[in-house]
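Below, chain A is the first sequence line, B the second, and so on; all start at residue 1.
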2 protein chains.
Amino acid sequence: MEKRNPVERIEYELTTFIRRAVYLDNSEKKIGNLERSAYLLLRHLDEFGPARVKELAESFKLDISTVSRQAAALEAKELIIRFSDPADGRVSLFTVTKLGKQKLKADKKMRLKRFESITSEWSADEKQLFGDLLIRMNEAFFD
Amino acid sequence: MEKRNPVERIEYELTTFIRRAVYLDNSEKKIGNLERSAYLLLRHLDEFGPARVKELAESFKLDISTVSRQAAALEAKELIIRFSDPADGRVSLFTVTKLGKQKLKADKKMRLKRFESITSEWSADEKQLFGDLLIRMNEAFFD
DNA sequence: TATATATAGTTGTATTATACAACTATATAA
DNA sequence: TTATATAGTTGTATAATACAACTATATATA
C-alpha cells in the first residue's frame, strides 16, 4: 500500500471502507438500533422537515417503491407519521414523531461517539479538513 | 450543515457517501464493468497472491458460502482459476488469470480516472492527507 | 491403527433490499 | 369532459446475503 500514489490510496481505502461499513451496518456490532435506511430517512425528515416519498427517494437514489415500503415500516413503528398534503391529494407527507426523534437522537449520539473515538487522536485541523474534503468529494462524486 | 461540528460533519458525509456509492455500484453509471464484489476479490488475489475462500471471506467480512459463490462465478467467467493446495486437500486456492488481470486493470484504470477527476482541484497535500486519514479511519473503525 | 472430532468448502433454503411493472387515486391539460 | 400526467402502493422477480446441512479431508485420540 505504501507504494501507491495518493489517489490510488484514496480509491483503495474508500472501496474497503464501503465494504466493511455495509457489513457493520448489518452485524450485531452495528451502531445504534436503527437500520441504516431508517436512520437516513429519519435524519432527512428531521433536518429538512416534512417530505414526500418522491423527494426522499431522489435524495437516497432509491426507487420510490422502495422508499414507500421503508416509510410504511417506520410509520408502523410510529417513528414517523403520515399526513395528506392539503394542496395535493396525491401526496403523502411524513414527519418525525416524538418517539422517532428520541430514537434518532439516541442513534446519532452513539454514532457520533464512535466517530469521536475514531478521530480522538486527530488534530482539530485534521478533523476540519477531513470533513471539508468529504463534502467536496460527495459533491463531485454525485451530480 | 454549516453549523455542525467537524465530527458531526464527518459522520454525516460518510453516511451519505455510503448510500450513494452503493447506488452507483449498482447503477448503469457504475465505474467499470465488474461488480464491486468481483472487483474486490480480484484485487485481493492480485495484491496478496493466491488465497483460499476462507481468507477472502474474512477479509471482506462475508460468510464463506457467499464468497464461495462469488469465486465460482468468477471461475466460470475464467477471471480466476482454482487449484488444490498440495499441502491440504480440503483447500481450494484461487489465482487471477490473464483475462482477470486485464479486466481488473481496465476497471482500476476507470476508477482511478474518476477519482483523479474528483480530486483534480485538490492540492497534493490535501490528497495526501485525505488518504492518510482514510487509512487511519479504516484501521480505527474495524478492528 | 481405528475412530472421533475438527476444518474447508459447497449447496440448499430463507430472508432482505431492491427495481420494475401494474395499478389506483388525484391533478392538470386539451 | 375527456385525455394525460403524476404520486404513491402493491405484486413480482432478482440478487446478495447468512445459516444450516452436507461432503471431503485432515488431525487428534483411544
Once you round it to whole Å, what is the distance between C1' of D:dA18 and CG of A:Leu24?
16 Å

So what's D:dC19 paired with, Watson-Crick or G-U wobble, going by both distances under 3.5 Å?
C:dG12

Of the residues in residues 72-86 of chain A, which ones touch DNA chain C at a heavy-atom distance under 4.0 Å?
none

Length of the line joining B:Phe60:CZ and D:dA16:P, which is rounded to integer Å:
15 Å

Between P on C:dT26 and NZ on A:Lys54, what's the gap in Å once rounded to a whole number?
19 Å

Indicate every side-chain donor-acceptor pair of residues 62-70 of chain A with a distance under 3.5 Å to a residue at least two apart or in another chain.
unit_1: A:Asp63; atom_1: OD2; unit_2: A:Ser65; atom_2: N; d: 3.0
unit_1: A:Asp63; atom_1: OD2; unit_2: A:Ser65; atom_2: OG; d: 2.7

Here the distance between atom P of C:dA27 and atom CZ of A:Arg52, to the nearest Å, is 12 Å

Can you tell whether the side chains of A:Arg90 and A:Asp85 come within less than 4.0 Å, N to carboxylate O?
no

Below 4.5 Å, heavy atoms only, C-beta onward: do B:Leu112 and B:Lys109 meet side chain to side chain?
no

Shortest side-chain distance from A:Val53, nucleotide among C:dT7, C:dG9, D:dG8
D:dG8

N/O contacts under 3.5 Å, protein versus nucleotides 17-21 of chain C?
unit_1: C:dT18; atom_1: OP2; unit_2: A:Gln70; atom_2: NE2; d: 2.9
unit_1: C:dA19; atom_1: OP2; unit_2: A:Asp63; atom_2: N; d: 2.7
unit_1: C:dA19; atom_1: OP2; unit_2: A:Thr66; atom_2: OG1; d: 2.9
unit_1: C:dA19; atom_1: N6; unit_2: A:Arg69; atom_2: NH2; d: 3.3
unit_1: C:dC20; atom_1: N4; unit_2: A:Ser65; atom_2: OG; d: 2.7

What's the verdict on side chain to side chain contact (heavy atoms under 4.5 Å, CB included) for A:Leu40 and A:Arg43, showing C-alpha distance, side-chain angles and the deciding distance?
CA-CA 5 Å; A:Leu40 290 171; A:Arg43 190 174 74 175; 3.4 Å; yes

Using whole Å, what does the distance between atom P of nucleotide D:dT25 and atom CZ of B:Arg90 come to?
10 Å

Is there a path of hydrophobic side-chain contacts, each under 4.5 Å between heavy atoms, that joins B:Val22 and A:Ile31?
yes

Do the rings of B:Phe130 and A:Phe130 sit parallel, tilted or perpendicular, given the 30° and 60° boundaries?
tilted

For atom CD of A:Glu58 and atom P of D:dT6, their distance in whole Å
12 Å

How many Å lie between CD on B:Glu55 and P on C:dA8, as a whole number?
12 Å

Where B:Arg111 and B:Arg36 come nearest, the two heavy atoms and their spacing
NH2-CA, 4.4 Å

Out of curiosity, does A:Met110 fall in the hydrophobic cluster containing A:Val96 (side-chain heavy atoms, cut-off under 4.5 Å, transitive links)?
no

Measure the CD1-CG distance between B:Ile80 and B:Leu99 for me, rounded to the nearest 0.5 Å.
11.5 Å

